Amino acid sequence: MDLRLYDTLTKQKQPFRPLDPSNVRMYVCGPTVYDYAHIGNARPAIVFDVLFRLLRHIYGAEHVTYVRNITDIDDKINARALELRGDRDLDVLEVVRELTERTYAVYQEDVAALGNLPPTFMPRATEHVPQMIAMIRSLIDAGLAYAAEGHVLFEVAKKADYGKLSRRPLDEMIAGARVDVAPYKRSAMDFVLWKPSDANTPGWDSPWGRGRPGWHLECSSMIEATMGETIDIHGGGIDLVFPHHENEIAQSEGAHHGHSLARFWMHNGFLNVEGEKMSKSIGNFVTIHELLADWPGDVLRFNMLRAHYRQPMDWTLAGMKESWDTLARWYDVAEPVTATRIGDGFLSALSDDLNTPQAIAELHKASPEELAGGLSLLGFNPISERLASKKSVDTVEISRAIEARNAARKAKDFKESDRIRDELLAQGIQLKDGPDGTTWEIKR
RNA sequence: GGCCACGUGGCGGAGUGGUGACGCAGCGGUCUGCAAAACCGUUUACCCCGGUUCAAUUCCGGGCGUGGCCUCCA
């Protein structure tokens, strides 16, 4: 089965051939740990987890390395820590540490609840500062970076193909630059590799004074540290194309004699909520954490996979409901299956640039064995209990009511039996009479 | 303003130069005391205007519309 993936750099679907089939390497930009992750953040986590699983299926589980980083050095974190401290007598650096630890822990729980496998490595920026300093040195040595006033900047003009990923000619970007140009910059587009820290900001000693790395640097550095100079796939949200990934390319290629950073660049589309862009001011900011409080993670995951990863997607409550219904029906069919298999149509859909909607369509036509196999490959464990509502219900009470109703039905006291049924329905319990007796489910 | 996506039936959502994916909803039926669930069957589509072609929803050009990036952002 030929895997084809869309590459942002060439803007084409290309056949995927790993550099080394015994070690397929993929890196995905992870979260900045300063606040709960929102459902937009869940999309790349889920999409690239599916890709991870597909690669493991094709090349063998032990032959795929998946790295997703944790950004725990960032000015948003620092700003939040200052807010949290307020005027209390606390060490801000300590608040930063607590904030990142706590947020990191919640993130790990949340993505696991979404059915994602743990990546092979989850490196953190704070653990790679020496490597970052070393990379800055290489860039200075290569004549691509310069130090000025405690900063080190990447000199974009020195890299002839800068802008190749986002397809932005350099002169146009400078003309359109809206930022105030810092006096120490040689050009408006030059970006920061290192910047000074004050007493209230985490900092590390370096040849350019106590400071901290610029955001883009950590990914370049951690890719090098965990997987080497050139990897097979680099993924992330489409909004990261510029400037983040563009700058990663500049840094990594600059520090590695022009050797390319990634052979495939993959970007997932944006997510809207009920037709609107998610934003705190509109009040439609939905976090993974709060969603998991009343929806099974499987439902959130399935909902995400109903749209192709590159398409913009609209997250809606109606869609969640539909996802739940489909999954519930499928789990009933797949749960008793013991010998699973992967259908050809299903696999070729997935192999066509991760066409999950097509793959799902194939599952609708599949045998129970293929359905179970497909669900499993997509990261679902078809165990009906996993779909149980997070709402607490008194199952003993429900069983008793069902017995009472069936007794009434037997006695042909339909007025009473319907009364019980309606009463349960009012509580959100939907009864289902089947040939093997009565079951129930939570009505959403 | 620059760059880039996208526009498919009531809804979600693939795909293709020529026999109207798939799911949900709707409708008809089986089942049921009646419903629900389940199962079987089934109606509805390709933004507008040109062009290429024997043939365009699919390719090309233009228009309109929506969204993204250009500043932190998945």
Side-chain angles (χ1 to χ4, degrees), chain A residues 8 11 28-32 34-35 37-48 68 71 74-77 79 163 166-169 171-180 189 191 215 235-244 246 267-272 275-279 288 302-316 318-326 328-330 332-333 345 349 352 355-366 408-415 417-418 421-422 424-425 429-436 438-441 443:
Chain A
T8 307
K11 303 183 79 165
V28 173
C29 289
T32 301
Y34 73 108
D35 201 351
H38 53 71
I39 51 176
N41 297 304
R43 195 171 189 189
I46 293 169
V47 161
F48 290 107
R68 187 179 61 211
T71 299
D74 184 273
D75 286 348
K76 289 194 294 292
I77 297 174
S166 51
R167 286 161 197 267
R168 287 157 211 260
D171 47 351
E172 270 180 30
M173 278 193 279
I174 293 170
R178 283 193 253 153
V179 263
D180 289 336
M189 292 313 297
F191 61 89
W215 171 44
I238 191 151
D239 54 322
L240 294 180
V241 172
F242 188 89
H244 186 52
E246 195 70 63
H267 294 97
N268 64 272
F270 241 63
L271 184 133
N272 279 52
E276 282 188 290
K277 180 172 176 162
M278 188 163 43
S279 86
I288 302 173
F302 186 73
N303 191 245
M304 209 64 91
L305 298 178
R306 293 199 311 154
H308 183 86
Y309 78 92
R310 280 192 282 122
Q311 292 301 115
M313 107 166 262
D314 191 20
W315 184 93
T316 63
M320 288 288 282
K321 169 89 177 77
E322 199 177 320
S323 297
W324 201 29
D325 287 343
T326 303
R329 208 172 318 123
W330 278 358
D332 282 345
V333 175
D352 180 16
N355 192 337
T356 52
Q358 180 68 51
I360 287 168
E362 295 292 334
L363 292 184
H364 278 294
K365 308 179 221 166
R409 287 171 73 199
K410 208 165 180 183
K412 301 220 186 294
D413 183 357
F414 299 122
K415 202 176 163 192
S417 68
D418 288 355
R421 181 171 70 196
D422 292 345
L424 286 172
L425 190 57
I429 309 297
Q430 175 75 62
L431 296 186
K432 301 194 288 189
D433 294 327
D436 303 322
T438 303
T439 58
W440 58 273
E441 68 178 19
K443 186 105 180 150

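By convention in this document, chain letters (A, B, ...) are assigned in the order of the sequence lines, proteins followed by strands, and residues within each chain are numbered from 1. Source: prediction; values computed, not measured.
Candidate nucleotides B/A36, B/A74, B/A14 were compared by shortest atom distance to the side chain of A/His308, and B/A14 ranks first. Considering only side-chain atoms of A/Ala361, the nucleotide from B/C22, B/G13, B/C69 that sits closest is B/C22. Here B/A36 is the nucleotide among B/A36, B/C24, B/G68 with the atom lying nearest to any side-chain atom of A/Asp433. Listed candidates were B/G13, B/G15, B/G23. Nearest to the side chain of A/Ala307 is B/G13. Of the candidate nucleotides B/G68, B/G13, B/C70, B/G68 has the atom lying nearest to any side-chain atom of A/Lys277. Listed candidates were B/A36, B/A14, B/C24. Nearest to the side chain of A/Gln430 is B/A36. Of the candidate nucleotides B/C69, B/G13, B/A36, B/A36 has the atom nearest to the side chain of A/Lys432.
Under the Watson-Crick or G-U wobble criterion, with both distances below 3.5 Å, B/C46 has no partner in any strand shown. B/G41: Watson-Crick or G-U partner is B/C27, with both key distances under 3.5 Å. Pair assignment for B/U16: none, as no Watson-Crick or G-U wobble contacts are both less than 3.5 Å. In this entry B/G9 has no Watson-Crick or G-U wobble partner, no candidate having both defining distances under 3.5 Å.
We find that the ring of A/Phe270 and the base of B/G68 do not stack by the test of centres under 5.5 angstrom and planes tilted less than 30°.
Remark: A/Asn41 is not in phosphate contact with B/C73, judged by side-chain N or O atoms under 4.0 Å from OP1 or OP2.
Here the CD1 atom belonging to A/Ile288 is positioned 7.5 Å from the CD1 atom belonging to A/Ile46, to the nearest 0.5 angstrom. Note that OG of A/Ser323 and NZ of A/Lys321 are 10.5 Å apart. Values are rounded to the nearest 0.5 Å. Distance check: A/Thr326 OG1 to A/Phe302 CZ gives 5.0 Å after rounding to the nearest 0.5 Å.
Taking atom C1' on both B/G2 and B/U71, the two are 15 Å apart, rounded to the nearest angstrom. B/C73 and B/C11 have their P atoms separated by 36 Å, given to the nearest Å. Rounded to whole Å, the P atom of B/A37 lies 15 Å from the corresponding atom of B/G28. B/C46 and B/C59 have their C1' atoms separated by 16 Å, given to the nearest Å. Here, B/A21 and B/G15 have their C1' atoms 7 Å apart, quoted to the whole Å. The gap from the P atom of B/C22 to that of B/G41 amounts to 11 Å, rounded to the nearest Å. Straight-line distance between the C1' atoms of B/C47 and B/A56: roughly 15 Å, to the nearest whole Å. Nucleotides B/G26 and B/U66 are separated by 32 Å at their P atoms, to the nearest Å.
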Next item on the list: Tell me, with the steps shown, if A/Leu424 and A/Trp440 meet side chain to side chain contact (heavy atoms under 4.5 Å, CB included).
Entry: CA-CA 10 Å; A/Leu424 286 172; A/Trp440 58 273; over 6 Å; no

Check: Should A/Arg329 and A/Asp325 be marked as a salt bridge (charged side-chain N to carboxylate O under 4.0 Å, His left out) after you check the CA-CA gap, both sets of side-chain angles, and the distance that decides it?
Finding: CA-CA 6 Å; A/Arg329 208 172 318 123; A/Asp325 287 343; 5.7 Å; no

Next item on the list: Report the C-alpha distance between A/Lys76 and A/Asp35 in whole Å, list the side-chain angles of each, state the deciding distance to 0.1 Å, and finish with yes or no for side chain to side chain contact (heavy atoms under 4.5 Å, CB included).
Entry: CA-CA 9 Å; A/Lys76 289 194 294 292; A/Asp35 201 351; over 6 Å; no

Next item on the list: Please assess A/Arg43 against A/Phe270 for the test side chain to side chain contact (heavy atoms under 4.5 Å, CB included), listing each intermediate value before the final yes or no.
Entry: CA-CA 8 Å; A/Arg43 195 171 189 189; A/Phe270 241 63; 5.8 Å; no

Next item on the list: For A/Trp215 and A/Thr71, run side chain to side chain contact (heavy atoms under 4.5 Å, CB included): C-alpha distance rounded to whole Å, both residues' side-chain angles, the deciding distance at 0.1 Å, then the answer.
Entry: CA-CA 8 Å; A/Trp215 171 44; A/Thr71 299; 4.1 Å; yes

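Between A/Met189 atom CE and B/U71 atom C1' there is a gap of 10 Å when expressed in whole angstrom units. Atom CD of A/Glu276 is separated from atom P of B/U66 by 15 Å (rounded to the nearest Å). One atom, CZ of A/Phe48, and another, P of B/A74, lie 13 Å apart when rounded to the nearest Å. Note: CE (A/Met320) to P (B/G12) measures 17 Å, nearest angstrom. Atom pair A/Asn272:CG and B/G68:C1' shows a separation of 10 Å (rounding to whole Å applied). Between the CG atom of A/Asp422 and the P atom of B/C34 there is a distance of 16 Å, given to the nearest Å. Between A/Ile238 atom CD1 and B/G67 atom P the separation is 16 Å, expressed in whole Å. Look at NZ on A/Lys410: it is 15 Å from C1' on B/G33, rounded to the nearest Å.
Within 4.0 Å (heavy atoms only), A/Gly236 reaches sugar-phosphate atoms of the nucleic acid but no base atom. Contact annotation for A/Ser417: base contact, defined as any heavy-atom pair under 4.0 Å involving a base atom. Here A/Arg43 lies out of heavy-atom contact (under 4.0 Å) with every strand. Residue-level contact check: A/Gln311 touches the backbone only, with heavy atoms under 4.0 Å from sugar-phosphate atoms and none from bases. If you check every strand for non-hydrogen atoms under 4.0 Å, A/Leu431 touches a base. Within the nucleic acid shown, A/Arg329 comes within 4.0 Å of sugar-phosphate atoms alone, with no base atom in reach, counting heavy atoms only. Among the atoms of the strands shown, base atoms are found under 4.0 Å from some heavy atom of A/Leu271. If you check every strand for non-hydrogen atoms under 4.0 Å, A/Lys11 touches sugar and phosphate atoms only.
For A/His364 and A/Phe414, each mapped to the nucleotide of RNA chain B holding its nearest heavy atom, the one lying further toward the 5' end belongs to A/His364. Judged by closest nucleotide on RNA chain B, A/Arg306 is the one of A/Lys365 and A/Arg306 placed further toward the 5' end.
With hydrogens and angles left out, the side chain of A/Asp332 and the base of B/A38 share no donor-acceptor pair within 3.5 Å. No hydrogens or angles were tested; on distance alone, a donor-acceptor pair under 3.5 Å links the side chain of A/Arg421 to the base of B/A35. Within 3.5 Å, a donor on the side chain of A/Asp418 pairs with an acceptor on the base of B/G33, or the reverse.
Salt bridge status for A/Asp433 with A/Arg409: present, with a side-chain N to carboxylate O gap under 4.0 Å.
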